[in-house]
There are 2 protein chains.
Amino acid sequence: MIALDDLDRAILRALVEDASQSAGALGRALGLSQPACWRRIRRLEEAGVIAGRRLDLDQAALGFGVTVFLGIKLATRGRVSLEDFERAVTAIPEVQVVQHVLGRFDYRLRVTARDIADFERVLRRRVMTLPGVGQVEANVLLSEERRPGPLG
Amino acid sequence: MIALDDLDRAILRALVEDASQSAGALGRALGLSQPACWRRIRRLEEAGVIAGRRLDLDQAALGFGVTVFLGIKLATRGRVSLEDFERAVTAIPEVQVVQHVLGRFDYRLRVTARDIADFERVLRRRVMTLPGVGQVEANVLLSEERRPGPLG
DNA sequence: TAATATTATGAAAAATTCATGCAGATTGAT
DNA sequence: ATCAATCTGCATGAATTTTTCATAATATTA
């Protein structure tokens, strides 16, 4: 496993927050030259610590004002039902994230809807009637905050 | 609300997947010139559709092989206890995401640990003894897949 | 300790990419 | 038909990313 020093952690923390800043600006903020900062970033990419750079969308600005987390317990637990379920879930466009988990639920979904009524009226039913689904539990997102994680 | 055409949606889909590609390369893939593609991206930023660009870390490569979702039900529901809880949660470095939700739980946390034993031994206790915490339910992440969402 | 790798650094330059100005094409309204 | 608005591609300057190179720390080994 790659060894990180304080500068590496500071770089990761800064870019997780905002990956649009240049290596020059970030380096200046940390007391590094532009190439030094850039090379550290490349090293972190090559080590696999950096998995990629992603655009963060504002779902509300896209007209999807509601985000809901769904905990799903399958009724039948065979491998076949897992595959059936995953394939069917993929066909629902409102599904943003599919998480296979261990615990009281088998899957967790992050879905978006235009509003609560839209979620209750169409999306909820659509999920409940997926193949193999037993229990479904919904949690509506009120606010979300990302933390730097163990790097800080 | 801003109107998106097929090209806008294609651009968003591509950049959510990989925000490191240049406007020139992406434009070429979509049959657009570099300035045309770049201007569309800027327009989406100004419309607020693009919330930002973030680095995506590989927690496993950082030595945190286990991700756990925690559903938390507070025992006392006053505003004071919410603030107390949030402040205390912020002090736990392993907490990656704090979500305030509506439903059977009041909060959902995404936390990382070196391994299951580490989670059970230290992190779980730490969360259960946060101020105001009633029930805690854990789900261990097995696999996670992001979908394009309603844009696709 | 001295010699030798190893690694990280900054300055400078090359290669890309970003960002803007401009002129032409398309669309829709008056 | 004319005008305004919007989008496009081309050309271009500004900024950033990568590479090259010489040097300074840091550790390894003799």
Side-chain angles (χ1 to χ4, degrees), chain A residues 1-64 146 148-152, chain B residues 1-64 146 148-152:
Chain A
M1 180 173 349
I2 187 180
L4 304 186
D5 63 13
D6 292 342
L7 281 173
D8 292 321
R9 280 186 286 271
I11 288 172
L12 291 179
R13 243 176 294 143
L15 292 180
V16 164
E17 196 62 35
D18 173 18
S20 71
Q21 56 194 314
S22 70
L26 179 53
R28 218 164 16 254
L30 300 175
L32 276 179
S33 71
Q34 175 269 320
C37 183
W38 183 85
R39 275 185 289 243
R40 279 170 178 268
I41 295 172
R42 183 181 58 179
R43 172 169 162 272
L44 293 167
E45 281 169 346
E46 287 168 350
V49 168
I50 294 178
R53 294 150 196 270
R54 295 174 185 283
L55 214 62
D56 192 16
L57 301 186
D58 182 339
Q59 292 299 328
L62 284 166
F64 296 90
R146 292 169 198 280
L151 295 175
Chain B
M1 184 177 339
I2 188 179
L4 304 186
D5 64 12
D6 291 343
L7 282 174
D8 292 321
R9 280 186 285 270
I11 288 172
L12 290 179
R13 245 177 291 142
L15 292 180
V16 164
E17 196 63 36
D18 173 18
S20 72
Q21 56 193 314
S22 69
L26 178 53
R28 218 166 13 257
L30 299 175
L32 277 178
S33 69
Q34 175 264 320
C37 184
W38 183 85
R39 274 186 285 245
R40 277 170 179 270
I41 295 171
R42 184 180 57 179
R43 174 169 161 272
L44 294 167
E45 282 169 346
E46 288 168 348
V49 168
I50 295 177
R53 293 147 197 272
R54 295 173 183 283
L55 215 61
D56 192 17
L57 301 186
D58 182 338
Q59 293 298 328
L62 283 167
F64 296 90
R146 291 170 199 281
L151 295 175

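By convention in this document, chain letters (A, B, ...) are assigned in the order of the sequence lines, proteins followed by strands, and residues within each chain are numbered from 1.
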Which protein N or O atoms sit under 3.5 Å from an N or O of nucleotides 16-20 of chain C?
unit_1	atom_1	unit_2	atom_2	d
C:dC18	OP2	B:Ala23	N	3.1
C:dA19	OP2	B:Trp38	NE1	2.8
C:dA19	N7	B:Gln34	NE2	3.2
C:dA19	N6	B:Gln34	OE1	2.9
C:dT20	OP2	B:Arg42	NH1	2.8

Check: Does the A:Gln21 side chain pair with the main chain of A:Ala14, one donor and one acceptor, at a distance under 3.5 Å?
Finding: yes
Next item on the list: Nearest whole angstrom, please: distance from the P of C:dT26 to the CG of B:Asp5.
Entry: 17 Å
Checklist line | Length of the line joining B:Arg43:CZ and D:dT8:C1', which is rounded to integer Å | finding: 14 Å
Check: Rounded to whole angstroms, how far apart are CD1 on B:Ile11 and C1' on D:dC7?
Finding: 13 Å
Check: What integer distance in Å separates B:Ile41:CD1 from D:dT8:P?
Finding: 12 Å
Next item on the list: Specify the separation, in whole Å, of atom CZ of A:Arg40 and atom C1' of C:dG10.
Entry: 13 Å
Notebook entry, point to check: Which residues pass the salt bridge (charged side-chain N to carboxylate O under 4.0 Å, His left out) test with A:Arg39, sequence neighbours left out?
Noted result: none
Notebook entry, point to check: Rounded to the nearest 0.5 Å, how far apart are CG of A:Leu55 and OG of B:Ser20?
Noted result: 11.5 Å
Notebook entry, point to check: If you check every side-chain atom of B:Leu32, which of C:dA8, C:dT9, D:dG9 has the closest atom?
Noted result: D:dG9
Notebook entry, point to check: From A:Arg40 CZ over to A:Leu4 CG, what is the distance, rounded to the nearest 0.5 angstrom?
Noted result: 9.5 Å
Next item on the list: Report the distance from atom CZ of A:Arg53 to atom CG of A:Leu15, rounding to the nearest 0.5 Å.
Entry: 6.5 Å
Checklist line | Atom pair distance, as rounded to whole Å: CG in A:Leu15 and P in D:dT17 | finding: 10 Å
Checklist line | Nearest to side-chain heavy atoms of B:Ala36, which nucleotide of C:dT9, D:dG9, D:dC7 | finding: D:dG9
Checklist line | Value rounded to 0.5 Å, distance of CD1 in B:Ile41 from CD in B:Glu46 | finding: 12.0 Å
